[in-house]
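Letters go in sequence order (proteins before strands), and every chain restarts at 1. Quick note: numbers below take in every heavy atom, side chains included, and nothing from hydrogens, waters or symmetry partners.
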Amino acid sequence: MEIVISKKVDCRWMYTPLAVVHLYFAFRELRAGEVVELLINNEESHADVLSWSRMTGNPVLRTREKDDYTVLFVQKTN
Amino acid sequence: MSEQDKRRRLAIIASKGSLDWAYPPFILATAAGAMDWEVAIFFTFYGLPLLKKKLDAAVSPLGNPAMPMKMPFGPLEKIDLPIPNLIMSTVPGFQQMTTALMKKTFKKKGVASIEELRDMAVEMDVRLIGCQMTMDVFGFKKEDFIDEAEIGGAATFLEFAADANVTLFI
């Protein structure tokens with residue numbers, strides 16, 4: 001499935017709670033169904049985003065591991 | 001309001017105003033705000049200055065033997081040498097230096113500043129409540145605080161906290 005990216009958010013080199021805070025602000029600008037491409041490079045941010053996803057109901061559609069960072073595709077559902 | 005519409009709620013009392021202790025309330029408030037929780041922070045005693053327009057939170061190694069900060073730059077960065085606090089912390093100017101070092105280290109490592117976190121909290125409509133009693137005792141005026149701050153007392157906090165899912169005293 002081709003994922004259409006509406007916004008790219010780079011949270012590499014950031015610590016808690018910045019990844020989910022930047023996701024929140026990005027999602028405020030988006031409509032339901034749109035997807036954010038989120039770049040992170042530490043385990044803390046990854047865990048945070050998964051918790052945030054479970055709490056808010058906005059799913060992580062796909063995870064892509066790069067050499068030194070991770071890309072998460074997060075969809076806004078409501 | 002149906003159960004489904006009910007937002008989760010976080011209630012925090014911020015009672016400490018040093019740079020290190022200023023982080024937990026704002027980090028947790030913004031994380032909860034990002035999950036669309038309702039959040040209120042009640043600033044009392046030494047936490048109250050965190051509402052000031054211009055923040056001046058500092059950190060002291062005095063009486064803080066657990067402080068493990070390393071030098072953030074220079075040749076000592078690689079060495080596991082804590083900032084000496086036993087003797088040095090009583091030297092005039094040492095607290096200012098420690099504060100500057102902590103701010104520099106945090107910035108270098110990608111940690112948000114207290115100012116940034118507070119701005120984000122305001123943007124998320126986090127309620128920031130200043131304690132009137134502390135204001136009067138320590139001589140703060142409402143004009144000293146950011147415009148978004150409101151004034152309240154213990155009952156104001158408890159009314160909000162009565163329906164909170166998480167309540168923290170920091």
Quick one: [atom1] on [X] to [atom2] on [Y], what's the gap to the nearest 0.5 Å?
X: A:Leu38; Y: A:Thr70; atom1: CG; atom2: OG1; value: 9.5 Å
X: B:Leu128; Y: B:Leu50; atom1: CG; atom2: CG; value: 10.0 Å
X: B:Leu10; Y: B:Met35; atom1: CG; atom2: CE; value: 9.0 Å

Check: Pairs in or reaching into residues 148-170 of chain B: which pass ring-ring contact (aromatic ring centres under 6.0 Å, His included), with residues at least two apart or in two chains?
Finding: B:Phe42-B:Phe157
Next item on the list: Heavy atoms only: give me the nearest A:Val49-A:Ala19 pair and the separation to one decimal.
Entry: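 Of all heavy-atom pairs spanning A:Val49 and A:Ala19, the closest is CG2-CB, 4.2 Å.
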Notebook entry, point to check: Where is the tightest heavy-atom contact between A:Gly57 and A:Pro59, given as atom of each residue plus distance?
Noted result: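 Heavy-atom minimum between the residues: O-CD, 3.3 Å.
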Do chain A and chain B have donor-acceptor pairs under 3.5 Å, and which are they?
from: A:Arg28; atom 1: NH1; to: B:Glu123; atom 2: O; distance (Å): 3.3
from: A:Arg28; atom 1: NH2; to: B:Glu123; atom 2: OE2; distance (Å): 2.9
from: A:Trp52; atom 1: NE1; to: B:Ala34; atom 2: O; distance (Å): 2.7

Checklist line | Beyond-backbone contact of B:Ile12 with B:Ile170, side-chain heavy atoms, under 4.5 angstrom | finding: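 Contact flag for B:Ile12/B:Ile170 side chains = yes.
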Notebook entry, point to check: Considering only heavy atoms, which portion of B:Leu28 lies under 4.5 Å from any heavy atom of chain A: side chain, backbone, both, or neither?
Noted result: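 Looking at B:Leu28, nothing touches chain A.
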Check: Which bit of A:Phe25 comes within less than 4.5 Å of chain B, counting heavy atoms only: side chain, backbone, both or neither?
Finding: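 Only the side chain of A:Phe25 comes within 4.5 Å of chain B.
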